[in-house]
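Quantities reported herein were computed from a predicted structural model and do not represent experimental measurements. Sequential numbering from 1 along the given sequence is applied to the chain's residues.
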Amino acid sequence: MAKPAPRIGSRRNGRIGLRKSARRIPKGVIHVQASFNNTIVTVTDVRGRVISWSSAGTCGFKGTRRGTPFAAQTAAGNAIRTVVDQGMQRAEVIIKGPGLGRDAALRAIRRSGVILSFIRDVTPMPHNGCRPPKKRRV
């Protein structure tokens, strides 16, 4: 008779949920990517490892409502709530994209109580690169 395969996530290994709860992060980086259709907020530590993330779509907004400022504010609040519980006090904010949720997400981050050391805008700007698509005729 064949031996049962060892379960990778068994309790005997003793590592279930250990890493998530034990990590204390005093300083982090909050990345806000605001497109016209959605806003994604990712919280990382200083080395770039993702701690928490949220988007307007995961908060329950569907379709065109994902691009609204209120959806971005909700997404930013959800992403930051978990890291504040883990002890984050200071953060740097990196904003990318032209969407409506840029300012609303930044407002939600400011209201969360995390001290912001700086805010950087890294939106990619073409120096007359590719030819843009033709204008829409409605």
Taking the side chain as every heavy atom from C-beta outward, state whether W53 and T58 have any pair of such atoms under 4.5 Å apart. yes

Does a side-chain heavy-atom distance below 4.5 Å link T42 with I40? yes

In short, R24 meets P26 closest at the heavy-atom pair O-CD, 3.5 Å

So, for A79 and S52, which heavy atoms are closest and what is the spacing to 0.1 Å? O-OG, 3.0 Å

Residues at least two apart in sequence or cross-chain that pass side chain to side chain donor-acceptor pair (under 3.5 Å) with N38, listed by chain then number, are none

Give a yes or no on whether the backbone of T39 and the side-chain of S55 come within a donor-acceptor separation of less than 3.5 Å. no

Just grab all the ring-ring contact (aromatic ring centres under 6.0 Å, His included) pairs involving residues 97-138, residues at least two apart or on different chains. none

Taking ILVMFWY side chains as joined if any heavy atoms are under 4.5 angstrom apart, and letting links pass through other members, which residues group with F36? none

Do V32 and V29 share a hydrophobic cluster, counting only Ile, Leu, Val, Met, Phe, Trp and Tyr and linking them when any side-chain heavy atoms are less than 4.5 Å apart? no

Could you walk me through whether V84 and Q89 pass side chain to side chain contact (heavy atoms under 4.5 Å, CB included), step by step? CA-CA 7 Å; V84 168; Q89 291 121 14; over 6 Å; no

Does anything in residues 32-48 pair up under salt bridge (Lys or Arg N to Asp or Glu O under 4.0 Å), and if so which pairs, sequence neighbours excluded? D45-R49

Quick note, salt bridge (Lys or Arg N to Asp or Glu O under 4.0 Å) partners involving residues 71-87, not counting sequence neighbours, are none

Could you list the donor-acceptor pairs under 3.5 angstrom formed by side chains in residues 61-76, with sequence neighbours left out?
unit_1 : atom_1 : unit_2 : atom_2 : d
T68    : OG1    : R65    : O      : 2.7
T68    : OG1    : A71    : N      : 3.4
T74    : OG1    : F70    : O      : 2.8

Side-chain donor/acceptor pairs under 3.5 Å, residues 91-116, sequence neighbours excluded:
unit_1 : atom_1 : unit_2 : atom_2 : d
E92    : OE2    : K27    : NZ     : 2.7
R102   : NH1    : G97    : O      : 2.6
R102   : NH1    : T123   : OG1    : 3.3
R102   : NH2    : D121   : OD2    : 3.2
S112   : OG     : I109   : O      : 2.6

Which side-chain N or O atoms in residues 129-138 pair as donor and acceptor under 3.5 Å with protein atoms at least two apart or in another chain?
none

